[in-house]
Structure formats: C-alpha cells, structure tokens
Amino acid sequence: RRAPNMGWLTFTFGLERKFKQLCKRLDVVRTHQQQESLKFMAHFHRRFIIRDGKRNAKPEGGAQPVELFELRSNGSALCTRLVQVKADATQLNSAFCYILNVPLEGSNDTSSAIVYAWIGSQSDADSARLIEQIAEEKFNNPWVSLQVLTEGSEPDNFFWVALGGRKPYDSEADYLNYTRLFRCSNEKGYFTVSEKCT
C-alpha cells in the first residue's frame, strides 16, 4: 500500500537479469495491491495476508502491537484476502469476519498471545469457515491460545481492551448489495468524477 518505488527499481535493474539467467521463460509483471490478477491470487488458495508496516521493523516501545485483520473478498472467492486494519473497535462490522492477535505483556516473537477469530452475526458461513481455517493455519502455535468467537460473546478483559474499549460499529453492510460505477477524467484540464449507469 505504501511501498516506495525503490524496491521495484532495485528488482528491475539488479535482480531481474539474474533471475532471467536462471529461468529462460520468466515473465515479470508489476501489480499493485487490490489489483492482483486471478492467476496471481490462485497461488495463495484464499490465504493471502496483507500486513501493514515495514518488514522486520522493530515495534515501538519494544512490545508487540495488537493486530486486527479483516477478511475481504471482491468479485470471486479467489480474490479473498486477509488485510490488516487499525486495531480499533470501530473497524468491526457484523457482516464480516476478523482475526484479532493480542500479544500478552512481556512477550516477544515466539511467546504467548491470544488470537481471536471473530465471526460477525451477519457474515456468511463460507467466510466463517475460512476465518477459522486461516486462524488455525497461520496464527496458531504452541504459545498461542486460539478462540473462535461469535459476535456478542466477546470477553471484556482481553478482546475489548485490546481494541481500545467497546465502541459502536457498523452492524450491516447493505452497501455491498449495490454496484456503482464512476468515471474519473482529466480530459478537460481538471479532475472530474461522474457516476455512470444510475
């Protein structure tokens, strides 16, 4: 999302030649987040996780941060991805499923945490099944307590405290039932946006 262009330039001018020497048939395609092709997404078997921040960055204050991930899908089941969002209760929505990773105090990378798979009351059964599978495969280890929660059964002590306290959040996602098409243009010398097919 916020990756600098330097990584792409380093690959293009340095590593791409080396890879082409190793593989005679190599197609290099640049893609941006949320614009991945179905061919690319098929490699992840609906378990594509997008984390926020920089790789190998040291956490502020030395403690591991609370992480909240939202299960998103647009268009087809292949386009399902788990995207890290701000760890705040207002980010929740009853129509979606989430994973909340709460590291326990004094923990480091391999120590204890509580991982909650939160299933919204209006989410579909396929998303609920998938969020449980992803939580088990990607977040569970011997030092983690994994709990599957349905909306309304959240414990106050860790779940809501980790999200900054209980706050109002969206209980429906009716906007997903309506498709809207917009046209963005700069052809007249200024930027305009107009809705099409109204």
Side-chain angles (χ1 to χ4, degrees), residues 1-57 59 64-87 91-93 95-101 109 115-120 122-141 144 146 148 173 175-186 191 193 195-197:
R1 282 182 272 199
R2 293 180 289 235
N5 210 25
M6 196 57 165
W8 173 252
L9 294 173
T10 302
F11 176 79
T12 303
F13 294 113
L15 297 173
E16 185 176 1
R17 264 183 262 126
K18 292 178 184 175
F19 279 117
K20 285 193 175 182
Q21 288 173 352
L22 295 172
C23 292
K24 298 300 177 205
R25 272 193 68 225
L26 175 70
D27 293 328
V28 177
V29 178
R30 183 177 187 179
T31 187
H32 295 278
Q33 185 177 327
Q34 304 289 78
Q35 297 173 1
E36 299 91 354
S37 68
L38 290 177
K39 185 177 179 182
F40 176 80
M41 293 299 292
H43 292 286
F44 297 96
H45 306 286
R46 301 180 71 194
R47 282 146 176 84
F48 188 57
I49 300 175
I50 301 172
R51 292 185 175 269
D52 198 20
K54 294 183 178 180
R55 191 180 333 189
N56 301 327
Q64 293 294 324
V66 173
E67 299 172 320
L68 180 65
F69 297 90
E70 179 182 346
L71 187 65
R72 293 183 185 169
S73 180
N74 56 341
S76 77
L78 273 181
C79 292
T80 303
R81 53 180 60 87
L82 197 65
V83 180
Q84 186 173 1
V85 294
K86 182 181 176 189
Q91 296 289 324
L92 298 175
N93 187 314
F96 301 110
C97 297
Y98 297 83
I99 290 178
L100 178 65
N101 184 15
D109 290 28
V115 173
Y116 298 103
W118 189 82
I119 300 168
Q122 295 180 24
S123 63
D124 59 279
D126 183 50
S127 294
R129 223 177 3 265
L130 183 60
I131 202 79
E132 289 182 47
Q133 291 170 357
I134 293 173
E136 181 66 40
E137 293 171 16
K138 304 292 183 184
F139 291 87
N140 201 10
N141 68 49
V144 166
L146 177 62
V148 178
Y175 59 87
L176 292 175
N177 297 328
Y178 307 101
T179 303
R180 297 173 73 182
L181 178 64
F182 293 90
R183 178 175 184 260
C184 301
S185 172
N186 196 20
F191 186 72
V193 178
E195 187 169 5
K196 299 296 175 186
C197 303

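Quantities reported herein were computed from a predicted structural model and do not represent experimental measurements. Values below: every heavy atom of this structure, side chains too, minus hydrogens, waters and symmetry copies.
The distance from atom CD1 of Ile99 to atom CZ of Phe139, rounded to the nearest 0.5 Å, is 4.5 Å. Note that the CD atom of Glu137 and the NE2 atom of His45 stand 10.5 Å from one another [nearest 0.5 Å]. One distance of note links CG of Leu181 with CD of Glu195; it measures 8.0 Å at 0.5 Å rounding.
Here Phe96 pairs with nothing under the ring-ring contact (aromatic ring centres under 6.0 Å, His included) rule; sequence neighbours left out. Remark: Phe44 pairs with Phe40, Phe48 by the side chain to side chain contact (heavy atoms under 4.5 Å, CB included) rule, at least two apart or across chains. With sequence neighbours left out, the salt bridge (Lys or Arg N to Asp or Glu O under 4.0 Å) criterion links Asp126 to Arg46, Arg129. Partners of Glu132 by side-chain hydrogen bond (donor to acceptor under 3.5 Å, both in side chains), not counting sequence neighbours: none found. With sequence neighbours left out, Glu136 forms a side chain to side chain contact (heavy atoms under 4.5 Å, CB included) with Asn140, Leu146. Partners of Lys86 according to the side chain to side chain contact (heavy atoms under 4.5 Å, CB included) rule, which considers only residues two or more places apart in sequence or in another chain, are Asp88, Gln91.
For the pair Trp118/Leu100, no side-chain contact is recorded, criterion being any heavy-atom separation below 4.5 Å from C-beta on. The closest side-chain heavy-atom distance from Ile50 to Arg72 is not below 4.5 Å. In this structure the side chain of Leu130 reaches within 4.5 angstrom of the side chain of Arg47, judged on heavy atoms. Between Leu82 and Ile131, the closest side-chain pair of non-hydrogen atoms falls below 4.5 Å.
Side-chain N/O atoms of Asn101 and Glu67 include a donor and acceptor closer than 3.5 Å.
For Asn93 against Tyr98, the heavy-atom pair with the smallest separation is N-OH, 3.1 Å. Contact record, Ile119 with Ala128: CG2-CB, 3.7 Å, taken as the closest heavy-atom pair. Of all heavy-atom pairs between Ala87 and Leu68, the closest is CA-CB, 3.9 Å.
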